[in-house]
Amino acid sequence: VQLQASGGGLVQAGGSLRLSCAASGLTFSNYNMGWFRQAPGKEREFVSAISWSGSRISHQDSVKGRFSISRDNVKNTVSLQMNSLKPEDTAVYYCAADRIHMGSLPEYAYWGQGTLVTVSS
């Protein structure tokens, strides 16, 4: 199984970025997908998750109204649209997949390598 995250970069506060995660080696439409992030010196934290069908979505409170998650079960991708970015959003962002789990705990079976998002003030 491979999860390849991309789309990170440097952006000014208030700007937007769109992260993508391409999955291979699994039946993507059977898996719940999540995004986590880890800032320097901090623990990995939950950002957003979407169920295998796309019918259920959850977000961390700090990103509600700014971030949105979506998936394409034909292209085997999950995306995280990040708007109104803040310096505190700076972190390495990871995508994750699990057939059962869709929660905020990092109990997902598969993880991508991460993509760095840096938000300057």
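Residue numbers count from 1 along this sequence. Side chains included, hydrogens not; waters and symmetry mates left out as well; all remaining heavy atoms used.
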Which residue pairs pass the disulfide bond (SG atoms under 2.5 Å apart) test when at least one of the two sits in residues 57-86, sequence neighbours left out? none
Taking the side chain as every heavy atom from C-beta outward, state whether [X] and [Y] have any atom pair closer than 4.5 Å.
X      : Y      : result
Ser6   : Gln113 : no
Met82  : Ile69  : no
Thr115 : Leu19  : yes
Gln38  : Glu45  : no

Between Asp89 and Lys86, does any side-chain N to carboxylate O distance fall below 4.0 Å? no
Given the ring of Tyr31, does Arg71 sit roughly above its face, with NZ or CZ under 6.0 Å from the centre of the six-membered ring and within 45° of the axis? no
May I ask you to establish whether Arg44 and Trp111 are in a cation-pi arrangement, using a distance under 6.0 Å from NZ or CZ to the six-membered ring centre and at most 45° from the ring axis? yes
For Ser29, is there any backbone N or O sitting under 3.5 Å from a side-chain donor or acceptor partner on Asn73? no
Could you tell me whether Phe36 and Tyr94 have their ring centroids closer than 6.0 angstrom? no
When every non-hydrogen atom of Ala5 is compared with those of Tyr93, the smallest separation belongs to CB-O, 4.5 Å
Residues clustered with Val74, ILVMFWY side-chain links under 4.5 angstrom: none
Hey, are Asn83 and Ser16 close enough side-chain-wise for a donor-acceptor pair under 3.5 Å? yes
Is Val1 reachable from Tyr108 through a run of hydrophobic residues whose side-chain heavy atoms are each under 4.5 Å from the next? no
